[in-house]
Amino acid sequence: MKETDEDLVNRFGQHKWSNEDLDPVKPERRNWTAWNFFSYWIGESWGASTWSVGSSMVAGGLVWYDAMIAIIIGHLIGSVLTVWNGRGGSVYHIGFPVWIRATFGPWGGMIPVGIRCVLDLVWFGIQTYFGALFLDIVLQCVLGHSWTNMHNALPESAGTTTRFMVAYFLYWCFQFGSCFFRPDQLRWLITLKAFTIPFACLGLFIWSLVRSGGPGSFKALSVKTTSTASHREVVAWGIVAAINNAINGEFGPLIASEPDITRYARRPRDQIVGQLLAAPWSASFTATMGIIAASCTSKIWGTAIWNPAGILDAILAENNDPKTKFAVFLVAFTFMVGQVGTNFIANLIPFGVDASAMAPRYINIVRAQIICCIIGGWCMVPWKVLVSGAVFLSCITGMGIFMGCLVGIMLADYFFIRKGNYFIEDLYTSDPNGRYWYFHGFHWRAFVAYVCGIFMPFPGFLGTLGVKSLAAPLGPAMKLYDIGYLTSTFTAMVIFTVLCKISPPSNVAEARTMPFESMGQKEVLHGLHGRRSDSEDVEDVIISEEKKA
């Protein structure tokens, strides 16, 4: 690809570390305001996946109010971790794959980047599947029996039907256009989702209340436990596990990805204000609506329905008159468009920057997003994963412990070790004397902390994959796995901090002598420190004599 910064690219060695999507975001592209971050979390929270988050908790044995308490606590913790981890991105305007070089080393950082690439591919396919469910409902409303009676020409082994595959293909084409945009170019989609998706959720929620005459008995949502342990122990660990799931399910992937979004912030405080005003309460409110609506549907149809697509499908099956079809069409279409925004933010962008970091010479964010859309949308066969791939899905979901370790190490390095001071040019070099080169491009302290972070919850993770000796519901291994995201995050954070205090990296003392984040003000005011003063891409900014000094 065309070189974008002569002063930065390939200053040392033969490996290329930089391209236009890995460089710090130029001032003219830093256009995300507090409103954009507020809209981002409103759009992410008021959606199908958050609506359904209470189902796993209630299915795990919790009563509805226990699930609500766990959701609120988990989302508060997740919001704080998200804002903290996004701080560096908003100050230095670099994304996760460049940021991770400071903690794991330029070559060592390729390992966590590769792990996240795999997760992004799988979840892109799964989110596309959910979007296709809503398109299927839209086509039912528009085409009627000519759609629902479509002949199925696929064998049973395919795991799906011709009708759904047509809907899936059409939805995949519908969202494919988002691959050609970067986050600073698609803010309008985030805003559109924030304005429309709450009305769809509230409309479906109000309909459930009116149609049922109020919630039914929440006892209908309870699941009997066969455990021989005391009821109090079952409930206590159920709540703890639900808090962990609330963090990992709603925030887990986005916490690690946060710098990929906050790097476009106009000012650091924009991401703090915008996210804290929306993230803590909006996801909890939507999940609460899902729990109450499930109780209403249990009263209406005798079965609790936990996802919006299932409720809309049941409405059409019960009443097929034009007014009902039009209302269902509006709600399903809104959810369908919103799903495009979810896939763009949560999967396309992270994979885009990650794959770009794996091969900067040939892949930028747009090319990588196209790769993600093709491989994630088709090679991951989500219609089979969700129907018959329970073990594989448990594996992907459980890999939150691997991402939690990264978050803990990144937070420790930023706040406790380096006081928020980074020398950006050294993140793009193969120079053995570079500040973040460590030992041949690998930082052993980070890898030790990473292994320690996954060590305790890992046996329980194996239990979910079929190792029956480790799968006892309230056994020690499963208890540690039930709080796996929190365990891995804070264990890795503590171990990394202790190792860096006992055996400090050679460049830490230099960063610690400076005030907090002082390098952020110097390095990226005009772009990268060290660029030629006559460079055409430097934005003219009027600076007071005091600030120059």
Side-chain angles (χ1 to χ4, degrees), residues 49-50 52-81 119 123 221-256 283-284 287 291 306 390-408 450-495:
S49 57
T50 308
S52 308
V53 75
S55 59
S56 62
M57 300 178 184
V58 174
L62 294 184
V63 293
W64 65 275
Y65 50 82
D66 288 334
M68 288 172 58
I69 293 172
I71 288 169
I72 292 171
I73 295 174
H75 288 168
L76 283 172
I77 296 173
S79 301
V80 173
L81 290 176
L119 292 174
W123 283 111
L221 303 180
S222 301
V223 176
K224 294 181 180 180
T225 177
T226 58
S227 173
T228 57
S230 68
H231 176 70
R232 181 175 297 181
E233 183 182 9
V234 172
V235 173
W237 276 101
I239 293 176
V240 172
I243 292 173
N244 184 82
N245 290 338
I247 300 171
N248 189 25
E250 177 66 21
F251 291 88
L254 297 175
I255 294 174
S284 301
I291 292 174
W306 287 97
V391 173
F392 180 65
L393 192 57
S394 296
C395 174
I396 294 299
T397 304
M399 287 184 75
I401 63 175
F402 297 89
M403 301 307 296
C405 291
L406 300 180
V407 172
Y450 188 77
V451 171
C452 291
I454 65 175
F455 177 75
M456 290 191 290
F458 191 72
F461 174 65
L462 294 178
T464 64
L465 302 183
V467 183
K468 295 182 180 180
S469 60
L470 300 172
L474 287 176
M478 291 308 297
K479 284 181 178 179
L480 286 173
Y481 177 71
D482 285 341
I483 55 173
Y485 191 89
L486 292 172
T487 302
S488 62
T489 299
F490 290 104
T491 300
M493 182 186 294
V494 171
I495 296 296

Test side-chain contact (heavy atoms from CB on, under 4.5 Å) applied to Val80 and Leu76, step by step
CA-CA 6 Å; Val80 173; Leu76 283 172; 5.9 Å; no

side-chain contact (heavy atoms from CB on, under 4.5 Å) for Phe251 and Val407? Distances and angles first, verdict last.
CA-CA 12 Å; Phe251 291 88; Val407 172; over 6 Å; no

Pair Ile291, Ile71 - check side-chain contact (heavy atoms from CB on, under 4.5 Å), show working.
CA-CA 11 Å; Ile291 292 174; Ile71 288 169; 4.1 Å; yes

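In terms of heavy atoms, Asn244 sits closest to Ile483 at OD1-C, 3.2 Å. Across all their heavy atoms, Ile454 and Cys405 have their closest contact at CG2-SG, 3.2 Å. Residues Ala477 and Pro459 share a closest heavy-atom pair of CB-CB, 4.1 Å. For His75 against Ala246, the heavy-atom pair with the smallest separation is CD2-O, 3.6 Å. Annotation for Pro457 and Gly453: closest pair CD-O, 3.5 Å, computed over non-hydrogen atoms. Here the shortest heavy-atom pairing between Leu480 and Thr487 reads O-OG1, 4.0 Å.
Within the model, atoms CD1 of Ile247 and CG of Leu486 stand 4.0 Å from one another, a figure rounded to the nearest 0.5 Å. The CG atom of Leu119 sits 4.5 Å away from atom CE of Met399, with the distance rounded to the nearest 0.5 Å. The CD1 atom of Ile239 sits 13.0 Å away from atom CG of Asp482, with the distance rounded to the nearest 0.5 Å. A distance of 10.0 Å separates CD1 of Ile73 from OG of Ser284, quoted to the nearest 0.5 Å. Atom OH of Tyr485 sits about 9.5 Å away from atom CZ of Phe490, to the nearest 0.5 Å.
Aromatic ring pairs are classed by plane angle as parallel below 30°, tilted from 30° to 60° and perpendicular above 60°; the pair Phe461 and Phe402 is perpendicular.
Between Thr464 and Met478, some side-chain heavy-atom pair lies under the 4.5 Å cut-off.
Side-chain N or O atoms of Thr491 include none that pairs as donor or acceptor with a backbone N or O of Ser488 at under 3.5 Å.
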